[in-house]
*Asks:* 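My structure is below; once you've seen it, I'll send some questions.
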Amino acid sequence: MAGPFEGAAGLTGRRVADEALLSDEKAMLENDPGGMLRATASAGAQVRESAALAAEANLSVLADEGRPRAVVVAGIGTAGLTGDILATVAGPRCPVPVIGHRSAGVPGWVGAADVVIAVSASGRSPEALAAADAAARRGARLVAIGNPDSELQAMAERARAPFIPVPRRAPARASLWGLAVPVLLAARSLGLVKVNEADLAETAARLDADAERCRAGAESFVNPAKSLALGLAGSIPIVWGSSPLATVAARRFADTLAANARYPVMAGALGEAGRGRVGLLDGPFGGLAESSRDIFADPDELEELSTRLRLVVLRDGGLNPEEEADEPVAVEERRADAVQTLAERRGVRCDVVTAEGGSALERLASLVAVPDFASIYLALAHGLDPMAVPAINEMKELSNPMPEGLQ
């Protein structure tokens, strides 16, 4: 029987991050054998590729039966996040509800008047397959997105439903844009979201530019992702988004920090945090830790011995027209300014990433790209392989039923 610390790939790495590891490009690439840096740098190419694949899928047939009563985006993990992206990009004026569904099957009310978009990077996730099956049985319109020549594609073909074949990039978290763009274009065919070719081109260009800024060969002082990673090293990160769009990016950052760098993270909407969780800034990992600090102690020793909060605020930038926002942009801006001031008063360090771009999709990309790279660099600074996560493999092994002959 395997020992308590013997995972599928073994546990490796170091407790304290080493900044020097991010200055050696060759060593970084050797510690990233699965190519997570390369896969993340392909985000712009993913936008272009998946848009072309969606164009070949004849999504226009979705519009033949008119506007649906509701759209359900079914998937889990990164696939599940695509539903949040659609709801956010569509905005509060979307004429129908967009519901993300992260468990098997579909909600009980789904029927012939609805559209189900089943998303799975592998094309075999139980949640997406069960959703596609339920949609077909209930007569709902179905769109399937995932790995070509997969079980999901076969199910879509049996239901005579559009299937968008997105080549798999392992792991699924490296395929966010390849999965999200087809979801958006399916919704565009239904008349639910305004995403044009210029938006896609500008988003891809933004992702390309950020990949260049965050390349492995760029030193930490000019690489925003490395700087963010080193700032987060040894901390408990809290990531808050100032708007619904920024909140989606905040939750994405929490997912990648947990999966790539194995850091515990809290993430959510800044408006909601202001009703309670902002009190964390006063707690034992926030202001109390600073107030009890010995001013004569060695700063390096204190950094190693004390775990502190590190706040990351993702700000939308206020580019949406006021009448289309969930709340006035000025309110979001004042709230973001306030939490930064609170953090400063309590000695809690704060990083700010501000959205840029002329469309909701491009602004989302500008909030996601640098944090995506930062999560990988933080893993590499700890000597971790950002792709190989032993606990994930063990979880799958332990939760799968044992073959009868071995019981």
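The basis for the numbers below is simple: all heavy atoms, side chains too, and nothing from hydrogens, waters or symmetry mates.
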*Asks:* Is it the case that the side chain of Ser189 and the backbone of Leu185 share a donor-acceptor pair, with hydrogens and angles ignored and the cut-off at 3.5 Å?
*Replies:*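 Looks like yes, one N/O pair under 3.5 Å.
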*Asks:* To the nearest 0.5 angstrom, please state how far the CG atom of Leu314 sits from the OG1 atom of Thr354.
*Replies:*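 Leu314 CG to Thr354 OG1: 9.0 Å, rounded to 0.5 Å.
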*Asks:* Is there a donor-acceptor pair under 3.5 Å between the side chain of Ser243 and the backbone N or O of Ala246?
*Replies:* yes
*Asks:* Output yes when Glu197 and Arg188 qualify as a salt bridge under the 4.0 Å nitrogen-oxygen rule, no when they do not.
*Replies:*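 Judged by the 4.0 Å cut-off on N to carboxylate O distance, Glu197 and Arg188 do form a salt bridge.
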*Asks:* Is any NZ, NE, NH1 or NH2 atom of the basic residue among Glu333 and Arg315 found under 4.0 Å from an Asp or Glu carboxylate oxygen of the other?
*Replies:* yes
*Asks:* Any sub-3.5 Å donor-acceptor pair from Lys226's side-chain atoms to Ala216's backbone N or O?
*Replies:*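 Side chain of Lys226 to backbone of Ala216: a pair is present.
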*Asks:* Is there a donor-acceptor pair under 3.5 Å between the side chain of Ser227 and the backbone N or O of Ser220?
*Replies:* yes
*Asks:* Between Phe253 and Val353, is any pair of side-chain heavy atoms under 4.5 Å apart?
*Replies:*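 Side-chain contact under 4.5 Å: no.
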*Asks:* Is the side chain of Asp114 donor-acceptor paired with the backbone N or O of Ala70 at a distance under 3.5 Å, no angle test?
*Replies:*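 Looks like yes, one N/O pair under 3.5 Å.
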*Asks:* Go through the steps to decide whether Val313 and Cys350 satisfy the test side-chain contact (heavy atoms from CB on, under 4.5 Å), and finish with yes or no.
*Replies:* CA-CA 7 Å; Val313 178; Cys350 178; 3.8 Å; yes
*Asks:* Applying salt bridge (Lys or Arg N to Asp or Glu O under 4.0 Å) as the test, list every pair that has at least one member in residues 211-225; sequence neighbours left out.
*Replies:* Asp210-Arg213, Glu212-Arg215
*Asks:* When you look at Val71 and Ile117, which way does the side-chain contact (heavy atoms from CB on, under 4.5 Å) test go after all the steps?
*Replies:* CA-CA 7 Å; Val71 173; Ile117 305 176; 3.9 Å; yes
*Asks:* Walk me through whether Trp177 and Val368 qualify under side-chain contact (heavy atoms from CB on, under 4.5 Å).
*Replies:* CA-CA 10 Å; Trp177 296 101; Val368 167; 4.3 Å; yes
*Asks:* Let me see the working for Gln153 and Glu157 under side chain to side chain donor-acceptor pair (under 3.5 Å), right down to the final yes or no.
*Replies:* CA-CA 6 Å; Gln153 179 173 5; Glu157 290 173 351; 3.1 Å; yes
*Asks:* Using modelled atom types and a 3.5 Å cut-off, is there a donor and acceptor pairing between side-chain atoms of Arg67 and backbone atoms of Gly191?
*Replies:*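 It does not hold such a pair.
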*Asks:* Show every salt bridge (Lys or Arg N to Asp or Glu O under 4.0 Å) that has at least one partner inside residues 251-271, sequence neighbours left out.
*Replies:* Arg252-Asp372
*Asks:* Which atom pair, heavy atoms only, marks the closest approach of Leu53 to Pro167?
*Replies:*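 Looking at all heavy atoms of both residues, the shortest contact is CD1-CD, 3.8 Å.
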*Asks:* Check Gly241 against Thr247 and note the closest heavy-atom contact, atom names and distance.
*Replies:* O-OG1, 3.4 Å
*Asks:* Check whether the side chains of Gln46 and Ser42 place a donor and an acceptor atom closer than 3.5 Å, and report yes or no.
*Replies:*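 Yes, Ser42 and Gln46 have a side-chain donor paired with an acceptor closer than 3.5 Å.
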*Asks:* Can you name the closest pair of heavy atoms from Leu192 and Pro95 and give their distance?
*Replies:*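 Distance-wise, the nearest heavy atoms are CD2-CG, 3.8 Å.
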*Asks:* Are more than 12 heavy atoms, taken from residues, nucleotides or ligands other than Arg168, located less than 6.0 Å from that residue's CZ atom?
*Replies:* yes
*Asks:* Got a sec, which residues hit ring pair (Phe, Tyr, Trp, His ring centres under 6.0 Å) with His101, two or more places apart in sequence or on another chain?
*Replies:*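 With sequence neighbours excluded, His101 shows a ring pair (Phe, Tyr, Trp, His ring centres under 6.0 Å) to no residue whatsoever.
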*Asks:* Who passes side chain to side chain donor-acceptor pair (under 3.5 Å) against Arg160, sequence neighbours left out?
*Replies:* none
*Asks:* Are any non-hydrogen side-chain atoms of Val116 and Arg138 less than 4.5 angstrom apart?
*Replies:* no
*Asks:* Identify, with sequence neighbours excluded, every residue that meets salt bridge (charged side-chain N to carboxylate O under 4.0 Å, His left out) alongside Asp24.
*Replies:*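 So Asp24 forms no salt bridge (charged side-chain N to carboxylate O under 4.0 Å, His left out) with any residue.
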*Asks:* Given the rule in the side-chain contact (heavy atoms from CB on, under 4.5 Å) test, do His382 and Tyr263 qualify, once you have shown the distances and angles that lead to the verdict?
*Replies:* CA-CA 11 Å; His382 281 282; Tyr263 265 56; 2.7 Å; yes
*Asks:* Around atom CZ of Arg69, are there more than 12 heavy atoms of other residues, nucleotides or ligands at under 6.0 Å?
*Replies:* yes
*Asks:* For residues Ser359 and Thr203, report the shortest heavy-atom separation together with the two atoms involved.
*Replies:*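 Of all heavy-atom pairs spanning Ser359 and Thr203, the closest is OG-OG1, 4.4 Å.
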*Asks:* Which residues pass the side chain to side chain donor-acceptor pair (under 3.5 Å) test with Asp199, sequence neighbours left out?
*Replies:*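 In terms of side chain to side chain donor-acceptor pair (under 3.5 Å), with neighbours along the sequence ignored, Asp199 is linked to no residue.
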*Asks:* For Arg102, is the CZ atom crowded, meaning more than 12 foreign heavy atoms sit under 6.0 Å from it?
*Replies:* yes
